[in-house]
Colleague: 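Pasting in a structure now, in structure tokens, and then I'll have a few things to ask.
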Amino acid sequence: MRVRAVSPASLTSAKEQPSVKRLATLAAAIGLALPLAGTGVAHAESPPPTGAKAQWIDRTTVAWPKGLGDPASPHRLLHDGGSFTLTPTPGGLTAAQRTKFPHLAGYDAYSVKETPDQERAALRGALTAVAGDVTTGVQTPGVLDDLYAAAATKATLGPSFRNGRPTLSVWAPTARNVALELDGRTLPMHRDTGSGVWSASGSRDWAGKPYRYAVTVHAPAAGKVVTNLVTDPYSTALTADSARSLVTDLADPALAPPGWRGLRKPKAVPLRDAQIQELHIRDFDQRAGYLAFTDRTSPGMRHLSALAAAGTSYVHLLPAFDFATVPERRADQATPPCDLAALPADSDRQQECVRGTAARDAYNWGYDPLHYTVPEGSYASDPDGPARTREFRGMVQGLAGAGLRTVMDVVYNHTAAAGQDDKSVLDRIVPGYYQRLMDDGGVATSTCCAGTAPEHAMMGKLVVDSVVTWAKEYKVDGFRFDLMGHHPKANILAVRKALDALTPGKDGVDGKSVILYGEGWNFGEAANDARFVQATQKNMAGTGIATFSDRARDAVRGGGPFDADPRMQGFASGLFTAPNAAPQGTPAEQRARLLHDQDLLKVGLTGNLAEYRFTDSAGRGVRGADVDYNGSPAGYAAAPGDALAYADAHDNETLYDALAFKLPQSTRPADRARTQVLAMATAALSQGPALSQAGTDRLRSKSLDRNSYDSGDWFNAIHWDCADGNGFGRGLPPARDNETKWPYARPLLADPALKAGCGPVEAASAAYRDLLRIRTTEKAFGLATTEAVQATLSFPLSGPDETPGVVTMRLGDLVVVFNATPQSQDQRVAALSGTSYALHPVQASGADPAVKAAAYAPATGTFTVPARTVAVFKAG
């Protein structure tokens, strides 16, 4: 799990306060609350509630925690107009209810017998549940879905246009009133009883006007009825700093750059063949934002073009939707007031200075969503209006011109804030619905922020509608779901189905070619399918939607991302074969661990296939699923393409920084570069898709920062000019997430030999591109089925006598040798004696002089590979 604290304001902070004059203006549009049906004790007479432990799960049932209150006492739902009597249901929840709400399976059940209209009215005010002397709040998402979802999920929300005339629609079923604040005017909105959708239609001159909604609703976080002034969750455009939504028709030709309508994308490749560069827009260029991708002559675009020519097929953009933590106007953005470049390489003053302006600078990864379907304004030349739409489209166009398709990193699993916080949008419109609530009614925060609930119909709809908008209106070619395991599998499959329905003739895009992948981690309140069948690694196998595989990543790098001692070694970083000074056990223990890492790597090279059979390093016949990864099966994929391979990404240390910690400090710069290429090759030459963090092929460093989400340009920028170094030695990384590792970091940062120069940088990048050319031109690396992999791929030297630090893979007419040791190694495959092999033509005429020394002796079937080298041989 990543840790990306976004420091949202307190959830109990006051809402935005309208002026007295505005309140007077709103009075005409906001009527008095409707009286509620029912009789009994008035809500005002009940004791104050404790949390929200009762759950009204559908029209007929309240789930009640066992042991909460006296079961013999009358149970009631109290509302603003009276109360509903709750009747015990023998046997508790039904089988269907337990299936839908598995985390409530042990709750008691109480029936509600009121009419739908009575229930709808009650839900538009305060609700408490009472049993004897116990009073608790009530969670209502289940009953809201039961009452409204059938109609509401079919509604068009946000701005829609018919013959140029706009309609604005927002789902607010619990609101007492919703008014439209449009360009200084306040207009009434109409409520549809069946769907809970409020709407207002207007004239053509609404186009381009700022608006927001005045939602009068009972807010549990405030403990009273409030009028929240809120932007549109379905916004398609915004003013600067997300202050107002804009009435915008994305089909307006004025919002398209020249050539947009006829844009021709590079040919789509199957997900199993995707080679992906993960890129943060501001890391790529600190000033130009979206426009940086329209300049084909810039160093960054020249490099991306070179990668595309070698076989990279996608650029994966870190969050580029509207997020909460960055001032969007450049005049409001702070810069560190220090001469950072003049400070010592191991100083703590750089991070101190950067942290001083972090809350006001222009940098954040953006994992704190504010509006899911509007481009982020800080990357636009002008955040106040349509430029962000045109320029985002221009970026997609520029990448396509360089031979690259575009993936968006999307973050629907949480919001920047909840409750009455002014950065809370969804929860101020339908309080308690869009956020996932814990058993006590508190908002789930296992994702680091206020978690959302895509298992609820309208949050699930928002996910699908938003993704479809990006694909259709911005021609985005793929989506990477942050913390996808916090989504129901059904929600991600619904996204897939909606995309598949998009066609070039009807929608301008081929939705079937859009790729999907995400983080299938299993943790938090949703873990182990506690609330629904999750979109986790094992559950997504066979769906055609990939999940990141941490198995080979950890085996190649060594240790895990949260080790207290960052020096723990693995296959590429010298475990047993080039040990460092860290306490890692006896040589025998290190050897045994290295051989197990090699088994994990072999499983990774198959595409993490669960049913792939091979001989492990102990000589046993095993399947991928039989190999242990920290208590879980290493192999979980049903087919190539289910697992996405990577050696590094934005989370945790860059690959170069991880190797800086792990390789012996005396390792020469040239050898560090070779090790970097070898580690990247374990992902690039595997079955299935592979991802690499932008700049990794150029030995990119973040000066050992393991969580640089808010560390500013100083630590994050990609240095396209190798004369500027690779980012290493720019001071100790920020104390927030790294201070415990400073004792390990200081001597490394102070060592000038670890600051890579142009020689190692250019050598690594060129060698990696050679491997990409092999990966994307040899069809054997893109096998479509488990059966094809089983028949084509093998590890002929696997077993108790295999060489520690070397993995030899036979793949059709290719033999690939990964030699991670500091010595040249001979690998004799007796079964290949007499067969002619030669170094692959790409490497034989390529950029790496060392690999050209690789040799093959046909008489004995022996492959000789230099130290820290990946060599690919081809039968001839």
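A quick note: this is a predicted structure, and the numbers were derived from the prediction, not measured.
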Colleague: Step by step, would you call Phe571 with Phe818 a ring-ring contact (aromatic ring centres under 6.0 Å, His included)?
Modeller: CA-CA 10 Å; Phe571 173 77; Phe818 300 87; 7.2 Å; no
Colleague: Can you list the steps and then say if Gln665 with Asp751 is a side chain to side chain donor-acceptor pair (under 3.5 Å)?
Modeller: CA-CA 9 Å; Gln665 188 171 340; Asp751 186 345; 3.2 Å; yes
Colleague: What are the two closest heavy atoms between Arg674 and Val851, and how far apart are they?
Modeller: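 Heavy atoms only, the tightest pair is NH2-N, 4.1 Å.
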Colleague: Just by distance, no angles: are the side chains of Asp826 and Thr862 close enough, under 3.5 Å, to form a donor-acceptor pair?
Modeller: no
Colleague: Can you check whether Ala572's main-chain N or O pairs, donor with acceptor, with Arg557's side chain at less than 3.5 Å?
Modeller: no
Colleague: Step by step, would you call Arg480 with Asp409 a salt bridge (charged side-chain N to carboxylate O under 4.0 Å, His left out)?
Modeller: CA-CA 5 Å; Arg480 177 267 196 193; Asp409 198 326; 2.9 Å; yes
Colleague: Which value, rounded to the nearest 0.5 Å, describes the distance between Ile281 atom CD1 and Leu318 atom CG?
Modeller: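 Atom-to-atom, Ile281:CD1 and Leu318:CG are 9.0 Å apart.
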Colleague: Set out, in order, the CA-CA distance, both residues' side-chain angles and the distance that settles side chain to side chain contact (heavy atoms under 4.5 Å, CB included) for Met301 and Leu304, then state yes or no.
Modeller: CA-CA 5 Å; Met301 283 304 292; Leu304 288 183; 4.1 Å; yes
Colleague: Determine whether a donor-acceptor pair (N or O, by modelled atom type, separation under 3.5 Å) exists between the side chain of Arg700 and the backbone of Ala694.
Modeller: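 Indeed, once roles are kept as given, a pair shorter than 3.5 Å links the two residues.
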Colleague: Would you indicate whether the side-chain heavy atoms of Asp599 and Phe614 approach each other to under 4.5 Å?
Modeller: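 Yes - at least one pair of side-chain heavy atoms lies under 4.5 Å apart.
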Colleague: Counting N and O atoms only, with roles assigned by atom type, does the side chain of Ser845 sit under 3.5 Å from a partner on the main chain of Pro841, one being a donor and the other an acceptor?
Modeller: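 It does hold such a pair.
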Colleague: For Lys475, is there any backbone N or O sitting under 3.5 Å from a side-chain donor or acceptor partner on Lys265?
Modeller: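 Yes, Lys265 side chain to Lys475 backbone: donor-acceptor pair under 3.5 Å.
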Colleague: Is any side-chain heavy atom of Ser836 closer than 4.5 Å to a side-chain heavy atom of Pro858?
Modeller: no
Colleague: Let's go through Met809 and Val815 carefully: what are the C-alpha distance in whole Å and the side-chain angles of both, what is the deciding distance for side chain to side chain contact (heavy atoms under 4.5 Å, CB included) to 0.1 Å, and is it a yes or a no?
Modeller: CA-CA 6 Å; Met809 176 174 73; Val815 171; over 6 Å; no
Colleague: Between Arg593 and Asp597, is there a salt bridge with N-O shorter than 4.0 Å?
Modeller: no
Colleague: Which heavy-atom pair separates Gln537 from Ser549 by the least distance, and what is that distance?
Modeller: NE2-CA, 4.1 Å
Colleague: Does Thr667 offer a backbone N or O that forms a donor-acceptor pair with the side chain of Arg672 under 3.5 Å?
Modeller: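 Yes, the answer is positive, given that a donor and an acceptor are paired below the 3.5 Å cut-off.
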Colleague: For the pair Lys874 (side chain) and His840 (backbone), establish whether a donor and an acceptor sit closer than 3.5 Å, ignoring hydrogens and angles.
Modeller: no
Colleague: If we ignore angles and hydrogens, is there a donor and acceptor under 3.5 Å between the side chains of Asp657 and Ser701?
Modeller: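 There is such a pair (donor and acceptor under 3.5 Å, judged by atom type) between the side chains of Asp657 and Ser701.
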Colleague: Would you confirm whether Asp563, through its side chain, and Pro566, through its main-chain N or O, come within 3.5 Å as a donor-acceptor pair?
Modeller: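 Such a contact is absent between Asp563 side chain and Pro566 backbone.
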Colleague: Donor-acceptor pair, distance only, cut-off 3.5 Å: does the side chain of Glu519 make one with the backbone of Phe481?
Modeller: no
Colleague: Quick one: pull up CE in Met408 and NE2 in His316 and give me the separation to the nearest 0.5 Å.
Modeller: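 Between atom CE of Met408 and atom NE2 of His316 there are 9.5 Å.
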Colleague: Answer yes if the side chains of His280 and Asn716 hold a donor-acceptor pair under 3.5 Å, and no otherwise.
Modeller: no
Colleague: Let me confirm one number: the CZ-CG distance from Arg551 to Asn630, rounded to the nearest 0.5 Å.
Modeller: 8.5 Å
Colleague: Going by atom types alone, do Glu278 and His650 pair a side-chain donor with an acceptor below 3.5 Å?
Modeller: yes
Colleague: Which atom names give the shortest non-hydrogen contact between Ser617 and Ser798, and what distance separates them?
Modeller: N-OG, 4.2 Å
Colleague: Hey, can you tell me if Phe548 and Tyr646 have their rings parallel, tilted or perpendicular (30° and 60° cut-offs)?
Modeller: perpendicular
Colleague: Run the numbers on Thr312 and Ile276 for side chain to side chain contact (heavy atoms under 4.5 Å, CB included), then give the verdict.
Modeller: CA-CA 6 Å; Thr312 295; Ile276 304 165; over 6 Å; no
Colleague: Answer whether the closest heavy-atom distance between the side chains of Thr547 and Asp642 falls below 4.5 Å.
Modeller: no
Colleague: Over all heavy atoms of both residues, which pair between Pro760 and Ala673 is shortest? Give the atoms and the distance, please.
Modeller: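 That would be O-CB, 3.8 Å.
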Colleague: How far apart are the closest heavy atoms of Ala830 and Ser833, and which atoms are they?
Modeller: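 The answer is O-OG, 2.9 Å.
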Colleague: When rounded to the nearest 0.5 angstrom, what is the spacing between CG in Leu678 and CG in Asp671?
Modeller: 11.5 Å
Colleague: Indicate yes or no for a side-chain donor-acceptor contact from Asn819 to the backbone of Thr869 under 3.5 Å, with no hydrogens or angles considered.
Modeller: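 Here the side-chain-to-backbone pair does not exist.
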Colleague: Any chance the side chains of Gln843 and Asp848 put a donor and an acceptor closer than 3.5 Å?
Modeller: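 Result is no, nothing qualifies.
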Colleague: Would you call Glu802 and Lys602 a salt bridge, using N to O less than 4.0 angstrom?
Modeller: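 So Glu802 pairs with Lys602 through a salt bridge.
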Colleague: Considering only heavy atoms from C-beta outward, does the side chain of Thr821 approach that of Val806 to under 4.5 Å?
Modeller: yes
Colleague: How long is the straight-line distance from CG of Leu516 back to CE of Met484, given to the nearest 0.5 Å?
Modeller: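 If we round to the nearest 0.5 Å, Met484:CE and Leu516:CG are 8.5 Å apart.
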Colleague: How about Phe479 and Tyr517: are their ring centroids closer than 6.0 Å?
Modeller: no
Colleague: Between Gln827 and Thr803, does a side chain to side chain contact (heavy atoms under 4.5 Å, CB included) hold up when you go through it step by step?
Modeller: CA-CA 8 Å; Gln827 296 287 283; Thr803 306; 3.0 Å; yes
Colleague: Closest approach of Ala679 and Leu655, non-hydrogen atoms and distance?
Modeller: CB-CD2, 3.8 Å
Colleague: Test Tyr837 against Phe863 for ring-ring contact (aromatic ring centres under 6.0 Å, His included), laying out the working first.
Modeller: CA-CA 9 Å; Tyr837 279 89; Phe863 299 86; 5.5 Å; yes
Colleague: Within the structure provided, determine whether Ser298 and Asp285 are in side-chain contact (heavy-atom separation under 4.5 Å).
Modeller: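 SC-SC contact between Ser298 and Asp285 ruled out.
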Colleague: Are side-chain heavy atoms of Asp273 and Phe781 found at a separation under 4.5 Å?
Modeller: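 SC-SC contact between Asp273 and Phe781 ruled out.
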Colleague: Counting N and O atoms only, with roles assigned by atom type, does the side chain of Thr786 sit under 3.5 Å from a partner on the main chain of Leu609, one being a donor and the other an acceptor?
Modeller: no
Colleague: Measuring from Met568:CE to Gln584:CD, what's the distance to the nearest 0.5 Å?
Modeller: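 Reported value, rounded in 0.5 Å steps: 4.5 Å.
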Colleague: Does some side-chain heavy atom of Leu307 sit less than 4.5 Å from a side-chain heavy atom of Asp697?
Modeller: yes
Colleague: Counting only heavy atoms not in Arg810, do more than 12 fall under 6.0 Å of its CZ?
Modeller: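 No, not enclosed.
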Colleague: Can you see whether Asp648 engages Gln693 through a side-chain donor-acceptor pair at a distance of less than 3.5 angstrom?
Modeller: yes
Colleague: Would you check if Arg302 and Arg296 make a side-chain contact, meaning some heavy-atom pair closer than 4.5 Å?
Modeller: no
Colleague: Any chance the side chains of Ser765 and Arg769 put a donor and an acceptor closer than 3.5 Å?
Modeller: yes
Colleague: Check the pair Arg828 / Thr860 against side chain to side chain donor-acceptor pair (under 3.5 Å), numbers first and verdict last.
Modeller: CA-CA 7 Å; Arg828 182 172 181 264; Thr860 59; 4.7 Å; no
